[in-house]
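What follows is one structure encoded as structure tokens, with my remarks underneath.
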Amino acid sequence: MATKPKPKTTKPPVAKQKKQVAPKKVAKKPAKKSLPSTEFSLFAPDASEVFLIGDLTNWNTTEFKMRKFKDGNWKKMVTLKPGRYEYLFLVDGEWWTDPENPDSTGNPFGSKNSVITIGDL
């Protein structure tokens, strides 16, 4: 009589276990304090070009070009650190103080600069 071959017994597959690695600790960067924006505006409906200048731009006459709106107002949003700033508007080549800001100081040219203070000093 012929013997039947015995079926091979197979072991159930063993799942390979991955080596557990502790999650990397990532140092959190401190949240940056965002500085609030300050809006400068000037009503000059007939002007064709207006720039905001002052010690906030190191008196650069072309850095902060203002945007004209349909109502005749020119506006520029600027992020400034706390401090005291002197500024003027350059309107079609003419220097203007801010007519809406009563705070001003004399300058070496015999006229006045507008003054704005950001934050507590």
Side-chain angles (χ1 to χ4, degrees):
M1 188 171 167
T3 58
K4 292 184 181 177
K6 289 185 177 179
K8 289 185 179 180
T9 56
T10 58
K11 294 181 183 176
V14 178
K16 291 185 181 181
Q17 291 183 345
K18 292 183 178 180
K19 185 177 177 181
Q20 290 190 358
V21 179
K24 291 181 181 179
K25 291 183 179 180
V26 178
K28 290 185 177 181
K29 294 180 181 177
K32 288 184 178 180
K33 291 182 180 179
S34 60
L35 297 172
S37 293
T38 301
E39 182 179 74
F40 291 84
S41 66
L42 175 71
F43 183 72
D46 297 327
S48 59
E49 189 173 60
V50 177
F51 291 90
L52 170 65
I53 59 167
D55 45 20
L56 56 130
T57 65
N58 203 25
W59 296 96
N60 181 325
T61 58
T62 59
E63 186 173 346
F64 286 160
K65 185 172 186 175
M66 298 181 72
R67 181 175 169 211
K68 186 176 185 178
F69 289 83
K70 290 180 182 179
D71 63 0
N73 280 301
W74 293 78
K75 296 182 181 184
K76 178 69 179 171
M77 294 293 288
V78 181
T79 302
L80 298 171
K81 293 180 181 179
R84 179 184 178 276
Y85 298 91
E86 294 183 25
Y87 68 97
L88 291 168
F89 297 110
L90 186 58
V91 182
D92 294 334
E94 293 183 25
W95 301 87
W96 289 18
T97 56
D98 187 343
E100 298 297 317
N101 182 359
D103 296 332
S104 64
T105 188
N107 64 32
F109 303 104
S111 59
K112 294 196 177 268
N113 294 340
S114 296
V115 176
I116 187 169
T117 302
I118 306 296
D120 296 328
L121 294 181

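Atom set for the values below is all heavy atoms of this structure, side chains included, hydrogens, waters and symmetry mates excluded.
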Could you state whether Val50 and Val78 fall into the same hydrophobic cluster, counting links through intermediate Ile, Leu, Val, Met, Phe, Trp or Tyr residues with side-chain heavy atoms under 4.5 angstrom apart? yes

TODO: Verify, without hydrogens or angle tests, whether Lys76 (side chain) and Thr38 (backbone) share a donor-acceptor contact under 3.5 angstrom.
DONE: no

For a 4.5 angstrom cut-off between non-hydrogen side-chain atoms, does Phe43 reach Asn73?
yes

### Query
So Thr79 and Ser37, side-chain contact (heavy atoms from CB on, under 4.5 Å) or not? Walk me through it.
CA-CA 4 Å; Thr79 302; Ser37 293; 3.5 Å; yes

Margin query: In the structure I gave you, are the side-chain heavy atoms of Phe64 and Leu56 within less than 4.5 Å of one another anywhere?
Written below: yes

Under 3.5 Å, which donor-acceptor pairs do the side chains of residues 87-96 form with other protein atoms, sequence neighbours left out?
from	atom 1	to	atom 2	distance (Å)
Tyr87	OH	Asp98	OD2	2.6
Tyr87	OH	Asn101	ND2	3.0
Asp92	OD1	Ser48	N	3.1
Asp92	OD1	Ser48	OG	2.8
Asp92	OD1	Glu49	N	2.9
Asp92	OD2	Ser48	N	3.1

| message | Would you say Met77 ends up clustered with Met66 if hydrophobic residues are merged whenever their side chains have heavy atoms under 4.5 Å apart, either directly or through other cluster members? | response | no

ask   = Does any non-hydrogen side-chain atom of Lys75 lie less than 4.5 Å from one of Arg67?
value = no

Nearest heavy-atom contact between Gly119 and Pro82 is CA-CB, 4.4 Å

**Prompt:** Are Leu52 and Ile118 linked, directly or through other ILVMFWY residues, by side chains that come within less than 4.5 angstrom of each other?
**Reply:** yes

| query | Ignoring hydrogens and geometry, is there a side-chain-to-backbone donor-acceptor pair from Lys68 to Pro45 under 3.5 Å? | reply | yes

Grouping ILVMFWY residues whenever side-chain heavy atoms fall under 4.5 Å, the cluster of Phe69 otherwise contains none

In this structure, CD1 of Ile116 is separated from OH of Tyr85 (nearest 0.5 Å) by 9.5 Å

pair Leu42-Pro99: side-chain heavy atoms closer than 4.5 Å: yes

- prompt: Does Asn113 reach the main-chain N or O of Glu86 with its side chain, forming a donor-acceptor pair under 3.5 Å?
  reply: no

By side-chain contact (heavy atoms from CB on, under 4.5 Å), Asn60 pairs with (sequence neighbours left out) Thr57, Thr62, Glu63

When rounded to the nearest 0.5 Å, the distance separating CZ of Arg84 from CG of Asp103 is 9.0 Å

Worksheet entry | Glu100 atom CD: more than 12 heavy-atom contacts under 6.0 Å | no

